[in-house]
Amino acid sequence: MKNLSVLLAFFFSYQLSAQECTDYFKLSKGLKIEMVSYDKKDKPVATLKSEVIDYKPVNGGFLLVYDTETYDTKGRLLAKGQASGKCSKGDYIADVRNISSDMIPKAADIKVNIDGDKMVYPAGMKVGDKLPDATTNIASTLASGMNLISISATIANRKVESLETVETPAGKFDCLKITYLMNTKMKLLGNKSLSCTEYLAKGVGVIKQEQFDEKGKKQSSMMLTKLEK
């Protein structure tokens, strides 16, 4: 289950960055963010570091590129890669198909394929807004072609719940609270339904995330621990 927690940490980390967007994702080049992922007992399982390395205009908006690295609890590098997000008409759009599979922890002989919809954070988000749904598929195979983990996730009922102040090791932030349901189908691990909450801070993006099972018990979480602007 520890490996699943690390994989979920990756899954929830792909929407960390954007610029010239809705204020909650209006980030600057050079911004460094560190997030720690925790299991259901609030024990650290991984640290994810990202840095905004490029920002450039593209058709219909701006493209933001950032490097990301994942470390285990002993500080050993598990995976690294590069991801991107796009800003269009003020909306922030995270497309999982733009994420390098190198970001996911895996052995040298394992290949990972990612596809799915775009996760959209509209400009001018406010309490009471309903946000677009999304789907994501992650499949891993051995070099020989043998299938390993396969995860299909549907993200639905996304809505802006409230404005809240959230305190993290990196400071205190005024945040927009977003909730949604994520239904996952996982080969070998079965199906799972999670109630998810994320908190967005202006100029930083996602600073905290929590996932709960159908009985309301926490399954995993992530929190901002360091921030360098």
Side-chain angles (χ1 to χ4, degrees), residues 1-16 22 24-25 33 35-48 70 85 91-96 99 104 114-122 125-138 149-169 173-202 204-225:
M1 295 304 292
K2 183 176 180 181
N3 289 336
L4 177 58
S5 295
V6 174
L7 191 57
L8 284 173
F10 153 76
F11 181 82
F12 287 108
S13 70
Y14 71 82
Q15 65 262 50
L16 292 178
T22 173
Y24 291 93
F25 289 96
I33 294 174
M35 303 277 288
V36 172
S37 172
Y38 304 88
D39 64 14
K40 62 176 65 178
K41 295 182 180 180
D42 289 330
K43 294 179 62 175
V45 294
T47 297
L48 297 96
T70 303
D91 296 348
Y92 172 56
I93 305 168
D95 192 337
V96 296
I99 298 175
I104 303 179
I114 308 165
D115 63 65
D117 298 329
K118 300 172 181 178
M119 183 80 84
V120 180
Y121 293 83
M125 289 184 293
K126 61 185 182 300
V127 175
D129 284 354
K130 293 184 178 180
L131 310 181
D133 295 344
T135 60
T136 301
N137 301 293
I138 301 174
I149 295 176
S150 177
I151 300 177
S152 177
T154 299
I155 299 171
N157 297 331
R158 295 176 69 218
K159 54 186 177 182
V160 182
E161 290 282 357
S162 59
L163 288 169
E164 298 187 11
T165 299
V166 177
E167 188 168 0
T168 77
F173 302 87
D174 293 326
C175 298
L176 204 62
K177 178 182 178 181
I178 295 176
T179 61
Y180 55 91
L181 298 176
M182 184 172 72
N183 297 311
T184 62
K185 296 181 179 180
M186 297 176 281
K187 183 179 180 181
L188 302 179
L189 297 175
N191 299 340
K192 199 176 191 68
S193 294
L194 297 172
S195 296
C196 305
T197 302
E198 62 185 20
Y199 298 85
L200 308 183
K202 290 185 177 181
V204 183
V206 179
I207 66 162
K208 182 180 178 181
Q209 296 167 322
E210 296 177 311
Q211 297 80 44
F212 303 87
D213 66 13
E214 295 171 318
K215 296 181 179 180
K217 295 182 179 180
K218 186 186 293 186
Q219 298 299 294
S220 62
S221 62
M222 288 182 64
M223 184 176 288
L224 178 70
T225 53

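Taking the side chain as every heavy atom from C-beta outward, Met222 and Leu48 approach each other to under 4.5 Å. Annotation: side chain of Glu198 is in contact with side chain of Tyr180 (closest heavy-atom distance under 4.5 Å). The closest side-chain heavy-atom distance from Asp42 to Ser221 is below 4.5 Å. A 4.5 Å side-chain heavy-atom check between Lys40 and Asp213 finds every atom pair outside the cut-off. Side-chain atoms of Leu200 and Ile207, non-hydrogen and from C-beta on, never get closer than 4.5 Å to each other. At a threshold of 4.5 Å between non-hydrogen side-chain atoms, the residues Met223 and Val36 do not count as touching. By the 4.5 Å heavy-atom criterion applied to side chains, Pro122 and Leu131 are counted as neighbours. Looking at heavy atoms from C-beta onward, Ser37 lies out of side-chain contact with Thr47 at the 4.5 angstrom threshold.
Between Met35 and Thr225, the closest heavy-atom pair is N-OG1, 4.3 Å. The two residues Ala156 and Asp133 come nearest to each other via the heavy atoms CA-OD1, 3.3 Å. Considering all non-hydrogen atoms of both residues, Ile33 and Leu224 come closest at CG2-CD1, 3.4 Å. The shortest non-hydrogen separation linking Tyr199 to Cys175 is CB-CB, 3.9 Å.
Judged as a salt bridge (Lys or Arg N to Asp or Glu O under 4.0 Å), and not counting sequence neighbours, the contacts of Lys159 are Glu161. Among residues two or more places apart in sequence or in another chain, the salt bridge (Lys or Arg N to Asp or Glu O under 4.0 Å) test is passed with Asp129 by Lys126. For Thr154, the side chain to side chain donor-acceptor pair (under 3.5 Å) test picks out no residue, with sequence neighbours left out.
Gln209 CD to Ile178 CD1: the interatomic distance, rounded to the nearest 0.5 Å, is 10.5 Å. Note that CD of Gln219 is 9.5 Å distant from CZ of Phe212, once rounded to the nearest 0.5 Å. Taken from CE in Met119 to CD1 in Ile155, the straight-line distance is 3.5 Å, to the nearest 0.5 Å. Here the straight-line distance linking atom OG of Ser162 with atom NZ of Lys177 works out to 5.0 Å at 0.5 Å rounding. Taken from CE in Met125 to CG in Asp91, the straight-line distance is 9.0 Å, to the nearest 0.5 Å. Within the model, atoms CD of Glu214 and OG of Ser195 stand 8.0 Å from one another, a figure rounded to the nearest 0.5 Å.
A donor-acceptor contact shorter than 3.5 Å links the side chain of Thr184 to the backbone of Lys192. The main-chain N or O of Val120 is found under 3.5 Å from a side-chain atom of Arg158 such that the two form a donor-acceptor pair.
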*Kindly indicate, with the supporting measurements, whether the criterion side-chain contact (heavy atoms from CB on, under 4.5 Å) is fulfilled by Cys196 and Leu181.*
CA-CA 6 Å; Cys196 305; Leu181 298 176; over 6 Å; no
Assess whether side-chain contact (heavy atoms from CB on, under 4.5 Å) is satisfied between Asn191 and Asn183, documenting all intermediate values. CA-CA 7 Å; Asn191 299 340; Asn183 297 311; over 6 Å; no
| Audit row: Asp174, Lys202, side-chain contact (heavy atoms from CB on, under 4.5 Å) steps and yes/no | CA-CA 8 Å; Asp174 293 326; Lys202 290 185 177 181; over 6 Å; no
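There is no side-chain donor-acceptor pair under 3.5 Å between Ser220 and Asp39.
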